[in-house]
There are 2 protein chains.
Amino acid sequence: MKGRSAARLEKLYDILSQGRVVPLREAATLCDVSEMTIRRDLARQEGEQQEIHLLGGRLLLNGSMDPAYDVAEQQASRYPAKKALCQRVVEQIEDGDTLFIDCGSTLIPLLGLLQRFSELTVVTYALNVANAVAPLSNVRLVLLGGLYYPASQSFGSDTIEARIERLGINKALISAAGVDAKRGVSCFHFHEVAPKRAAIATAMQRWLVADASKIGVVRPAYFAMLDEFDALFTDASDIALSKPDQPSC
Amino acid sequence: MKGRSAARLEKLYDILSQGRVVPLREAATLCDVSEMTIRRDLARQEGEQQEIHLLGGRLLLNGSMDPAYDVAEQQASRYPAKKALCQRVVEQIEDGDTLFIDCGSTLIPLLGLLQRFSELTVVTYALNVANAVAPLSNVRLVLLGGLYYPASQSFGSDTIEARIERLGINKALISAAGVDAKRGVSCFHFHEVAPKRAAIATAMQRWLVADASKIGVVRPAYFAMLDEFDALFTDASDIALSKPDQPSC
DNA sequence: AGTGTTTTGTTAAAAAAATCACAATAATTG
DNA sequence: CAATTATTGTGATTTTTTTAACAAAACACT
């Protein structure tokens, strides 16, 4: 029936699960069959869930092949501005810091820059942030869990405030979807309010990071006023800040 | 000089480091240049360290592209066995269930099979489980956070027990690294004991899922005895089970 | 502005990979 | 053992990806 095919797939899976990428040629030689047979084996498994993928004549295991990435599109908007912002932010981070990192796309470019430090702790409630930080061996990761909200790729819970307050956070890096000098700082999703407020309340330093497109904008959920922050990182120049003493760049 | 090119590479790197695979087309659109330019960018980086690879018209980050693999080291991951196990397990799952899903590789093949249900809730403390479940729109995801342990891709915390006990878990799917009829069920990492025990204590049904390679094996951390489970899913036949009344297959 | 350099886009050619169709082989069954 | 069925290999076809070459545009510098 499918014994032969399954046996080959198992063999290939075992090799691939060691983090290797195997050319189709090698796979065929290894299993002592033709390339066509391997192709057919791979097509057969497609019934359930695609496990082994054939990409450019090479077999690889990695999942998440779906090009259904809305994250990339979001990042496309004002990406250079966000990147530049993050570069300025990272200069203010010190070795050994415990950082609270907010959800959203603004702070994503920062995470790759954390490799330069020898030791850090990152606290977050966002799944994409956790995934970007998890491979970094120099960063201790604390993920605040709860119910998953796909729209913001983050978690919410009624105990998240209490859990954040137990953590010794040095610097809270807060992002926002809207920043208005008079009305305050806002975001899209209400479940984000609790963790943001808790981080602001607990952290020794609170930094607001928002590119120019957020300035003067108001979103559904207010979570803070501007003067609750110690610094505002932005590439906008036209906002009247009420804190001239702190480095607002 | 290399400002333009480097900026694009950085941008792509940031997107790719979120575990995505980006088609060359999309990359070109995203950077607002032609595909050829992206190709040239990628060729340029080859001087230093090969970071972004182009495979079959898709960009991916993963390293170890060298096909110089040792055939000799074929460690059996027993993937087909695990997959077959999971297929038997999924048959016992019902629509609307709230499932606790343990960490490790045993239960990973199950997650893709959850698409066939119309509505489920998955509770887990494993990052890889969360990532596999997050894209499923029919599954409500609850991730129990804490400090991240890379070795098991899971989280640990001193409050995880209390948080699990608040959840109404229908079926707890527990995996193990060792199953011994006399000595009990064990795992590698001590931080896994608390969530496992809490799930066993809370859940209405407890299922142990372990392939044959785990039977008769003992690992550092015991977390339960065999008779604490309502069912044992395994492909081994030689273990003397103490529960003949329940469906042990 | 004008020259030389670098960067980029377009086109065409080459190479590689994926698909298809059919023959050959091996396994299964009555 | 013959007949049927399933599985596999080979070669041709189509598609896609990669490479190469050249022209246009942007940039730097005098």
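B:Thr37 has a side-chain polar atom (N or O) that falls below the 4.0 Å cut-off from OP1 or OP2 of C:dG9. When the side-chain nitrogen and oxygen atoms of A:Arg8 are compared with OP1 and OP2 of D:dT7, none of them lie within a distance under 4.0 Å.
A distance-only check finds no donor-acceptor pair linking the side chain of B:Asn138 to the backbone of B:Glu119 [under 3.5 Å].
An end-to-end axis angle of 30° holds for the helix from C:dA1-D:dT30 to C:dG30-D:dC1, taken from five base pairs per end and rounded to 10°.
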Quiz item: Can you list the steps and then say if B:Phe233 with B:Trp207 is a ring pair (Phe, Tyr, Trp, His ring centres under 6.0 Å)?
Solution: CA-CA 7 Å; B:Phe233 290 82; B:Trp207 297 347; 5.4 Å; yes
Practice problem: Evaluate ring pair (Phe, Tyr, Trp, His ring centres under 6.0 Å) for B:Tyr148 paired with B:Phe155, printing each intermediate quantity in order. | Solution: CA-CA 5 Å; B:Tyr148 181 64; B:Phe155 299 94; 5.3 Å; yes
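Atom CD1 in B:Ile38 sits about 13 Å away from atom C1' in C:dG9, given to the nearest Å. In this structure, B:Glu35 atom CD and C:dT10 atom P are separated by 10 Å, rounded to whole Å. Atom CG in B:Leu42 sits about 16 Å away from atom P in C:dT7, given to the nearest Å. Atom NE2 in B:His53 sits roughly 19 Å away from atom P in D:dT17 (whole-Å rounding).
Atom CD1 in B:Ile93 sits 8.5 Å away from atom CG in B:Leu113 (nearest 0.5 Å). Taken from CG in B:Asp102 to CD1 in B:Ile174, the straight-line distance is 4.5 Å, to the nearest 0.5 Å.
Side-chain contact, B:Thr121 with B:Arg140: a donor N or O sits under 3.5 Å from an acceptor N or O.
Smallest separation of non-hydrogen atoms from B:Lys171 and B:Glu94: NZ-OE1, 3.1 Å.
B:Val33 is listed as a side-chain neighbour of B:Arg8, based on a closest heavy-atom distance under 4.5 Å.
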Practice problem: Can you check each nucleotide of nucleotides 17-24 of chain C against protein heavy atoms at under 4.0 Å and return B for base, S for sugar-phosphate only, - for none, in 5' to 3' order? | Solution: SBBB----
